[in-house]
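I have placed the structure first, in the form of structure tokens, so that the comments after it can refer back to it.
Because only heavy atoms are used, hydrogens play no part in the values below, and waters and symmetry mates are left out as well, while side chains stay in.
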Amino acid sequence: MVSVSPASGPSAAQDLQVVHDALAEAHRSEWAAVVATTARLTGDLDLAEECAQEAFTRAVDLWPRRGIPDRPGAWLTTVAANRARDVLRRESALRRRLPLLVREDVPDDGASWHSDDRLRLIFTCCHPALAREAQVALTLRLVCGVSTADIAAAFLVGESAMAARVTRAKRKIATARIPFRVPDARELPERVGVVCDVLYLVFTVGHAPPSGDAVVRTDLVEEAIALTRMLRGLLPADRSVAGLLALMLLIDARRDTRDALLADQDRARWDRALIDEGLALLATASAGAVDRFAISAAIAAVHAQAPTWADTDWTRIADLYRLLAHAWPSPVVALNGAVAVGMRDGPAAGLAAVDAVGGDPALARYPYLPAARAAFLMDLGRWSEAADAYAEAARLAGSEAERQRLRDQTAQARSRV
């Protein structure tokens, strides 16, 4: 145990910070395992989430007085599981009439926080019987521990509407008798694609948070990477999983410099070990027909291998975006491809390309559309128009950090008028 004194004064404040940091780390690394193991034991997602929350609440109360457990995950899982058993005993008659998860017969061997439970949870959340929005929302809520308010902000819907969506999805899992298990070898190839899609969306929400003050939601990024690594261990020959993990690692290698634009980032601070691992995975993912994850990872690899911004191979990136547009047609891919054209052919060509794709209604509230226009307008010396475009991007930006950066760029453009 790490001893934490309840006494007042500077040492107590320092100790409380240690507890706060330990709780934050436990929530980041253990939330999914606590929920997943409790769900396996109880067959009830609502009860599992409730008991996991109660376990963390008890930790807030007890750890400052008793010390931080040597194995926080085990402590939290035990508390949650014991609470769940108490509830089940007290409400056994009622709960016998409720639909429960279909569970595997997995013995409780004491290692109840085993990582296999996290895989069971994510495959349950990503079951094809659920709509994509429900899959992502459930994964964010149950696997990543994201608040309903933050999920609602990511989906641009009200908090009550998102809470109802999550509740309906949980109910469907129970009533449709969706099994709480990892699919067998026959089912896995069909099921893994959906899980990859959802994990990529979780990573994206963490990498570019739609709200709040954080530049990066480290908890979401690391949870998405950890779960993708688990999938990689389960399916070492799957090129799609390799491509997804490569993409995540190549992007996450730049995490420490995310407070600056890519052009301004100090590349000496990029994580070379992650880049090397990502490049090796990309080689595996590209050994045959490539999918959107491999192509996206190849784009990230071009950036990772360029010694400076000026050395970026924009011809290669523009070609890769053309391939990606065929593999994964989307307005955002089209916009990124237009930006690559501008970087290759000059700001006038870039502005024309961005304007050609900018009429898509799906981009109407996408802040990077006016931001891309603004950057090309700046290069063309059209300062007033650039300032207006940056101001529009700032109004649309979700996170405070992104809004402030765009406000600064607005001011810079206006100073040139």
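- Between Arg258 and Glu402 there is no salt bridge, since none of the side-chain N atoms of the basic residue sits less than 4.0 Å from a carboxylate O of the acidic one.
- Counting only residues at least two apart or in different chains, ring-ring contact (aromatic ring centres under 6.0 Å, His included) contacts with residues 238-287 are absent.
- The structure places CG of Leu323 at 5.0 Å from CD1 of Ile295, a figure rounded to the nearest 0.5 Å.
- We find that Arg165 and Glu133 are not joined by a salt bridge, their nearest charged nitrogen and carboxylate oxygen being 4.0 Å or further apart.
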Next on the checklist: As a quick check of understanding, evaluate salt bridge (charged side-chain N to carboxylate O under 4.0 Å, His left out) for Glu277 and Arg272, giving each step before the final call.
Outcome noted: CA-CA 9 Å; Glu277 184 182 359; Arg272 304 311 306 182; over 6 Å; no

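- Arg269 places a side-chain N or O within 3.5 Å of a backbone atom of Asp256 that can act as its donor or acceptor partner.
- Separation of atoms CG (Asp46) and OG1 (Thr167) is listed at 6.5 Å; rounding is to 0.5 Å.
- Here the shortest heavy-atom pairing between Ser240 and Cys196 reads OG-SG, 4.4 Å.
- Between Glu400 and Arg407 there is a salt bridge, since a side-chain N of the basic residue sits under 4.0 Å from a carboxylate O of the acidic one.
- In this structure, Thr38 and Asp117 have side chains that are not in contact, with every pair of non-hydrogen atoms separated by 4.5 Å or more.
- Checking side-chain atoms of Thr37 against main-chain N and O of Val34 turns up no donor-acceptor pair under 3.5 Å.
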Only pairs under 3.5 Å count here: list side-chain donor-acceptor contacts from residues 302-313, not counting sequence neighbours, and write none if there are none.
unit_1	atom_1	unit_2	atom_2	d
Thr308	OG1	Ala310	N	3.4
Thr308	OG1	Asp311	N	3.3
Thr308	OG1	Asp311	OD2	2.7
Thr312	OG1	Trp309	O	2.8
Asp313	OD1	Thr315	N	3.4
Asp313	OD1	Arg316	N	3.0

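- From Glu392, atom CD reaches atom CZ of Arg395 across 6.0 Å, with rounding to the nearest 0.5 Å.
- Annotation: ring-ring contact (aromatic ring centres under 6.0 Å, His included) contacts involving residues 368-387, sequence neighbours excluded, comprise Tyr366-Tyr368.
- Evaluation of the ring-ring contact (aromatic ring centres under 6.0 Å, His included) test over residues 30-55, restricted to residues two or more places apart or in two chains, returns His27-Trp31, Trp31-Phe56.
- Distance check, rounded to the nearest 0.5 Å: CZ of Arg405 to CG of Asp408 gives 9.0 Å.
- The two residues Leu16 and Pro64 have their closest heavy-atom pair at CD2-CB, 3.8 Å.
- Side chain of Gln135 to main chain of His127: a donor-acceptor pair is present (N/O by atom type, distance under 3.5 Å, no hydrogens or angles).
- At distances below 3.5 Å, at least one donor-acceptor pair connects side-chain atoms of Arg403 with backbone N or O atoms of Ala397.
- Ser415 places a side-chain N or O within 3.5 Å of a backbone atom of Gln412 that can act as its donor or acceptor partner.
- Minimum interatomic distance between Ala374 and Ala389 (heavy atoms only, all atoms of both residues): CB-CB, 3.6 Å.
- Comment: Asp388 engages Arg414 in a salt bridge, judged by a side-chain N to carboxylate O separation of less than 4.0 angstrom.
- Here the shortest heavy-atom pairing between Ala242 and Arg232 reads CB-NH1, 3.7 Å.
- Rounding to the nearest 0.5 Å gives a distance of 10.5 Å between CZ of Arg373 and CG of Leu380.
- In this view, Arg344 satisfies the salt bridge (Lys or Arg N to Asp or Glu O under 4.0 Å) rule with no residue, not counting sequence neighbours.
- In this structure, Val332 and Leu363 have side chains that are in contact, with non-hydrogen atoms separated by less than 4.5 Å.
- Here the side chains of Pro331 and Val357 are not in contact, with every heavy-atom distance at 4.5 Å or above.
- Residues Glu25 and Arg28 are paired through a salt bridge, judged by an N-O separation under 4.0 Å between the basic side chain and the carboxylate.
- Residues Glu49 and Arg141 are paired through a salt bridge, judged by an N-O separation under 4.0 Å between the basic side chain and the carboxylate.
- Here the shortest heavy-atom pairing between Tyr390 and Ala413 reads CD1-CB, 4.4 Å.
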I'd like a table of donor-acceptor pairs (distance under 3.5 Å, sequence neighbours excluded) in which one partner is a side-chain atom from residues 244-252, with atom names and distances.
unit_1	atom_1	unit_2	atom_2	d
Asp252	OD1	Arg255	NE	2.8
Asp252	OD1	Arg255	NH2	3.2
Asp252	OD2	Arg255	NH2	2.9

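- The existence of a salt bridge linking Arg132 and Asp197 is confirmed by a sub-4.0 Å separation between a basic side-chain nitrogen and an acidic carboxylate oxygen.
- Between Glu223 and Ala32, the shortest heavy-atom distance links the atoms OE2-CB, 3.5 Å.
- With Asp21 contributing its side chain and Ala24 its backbone, the two residues share no donor-acceptor pair below 3.5 Å.
- Residues Val166 and Lys170 form a side-chain contact, since some pair of their non-hydrogen atoms from C-beta on lies under 4.5 Å apart.
- Put simply, CG on Leu220 and CG on Leu201 are 12.0 Å apart, with the number rounded to the nearest 0.5 Å.
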Next on the checklist: The test is salt bridge (charged side-chain N to carboxylate O under 4.0 Å, His left out); show your working for Arg58 and Asp61 and say whether it passes.
Outcome noted: CA-CA 5 Å; Arg58 288 195 63 190; Asp61 177 53; over 6 Å; no

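- Glu30 has no carboxylate O lying under 4.0 Å from a charged side-chain N of Arg118, or vice versa, which leaves the two without a salt bridge.
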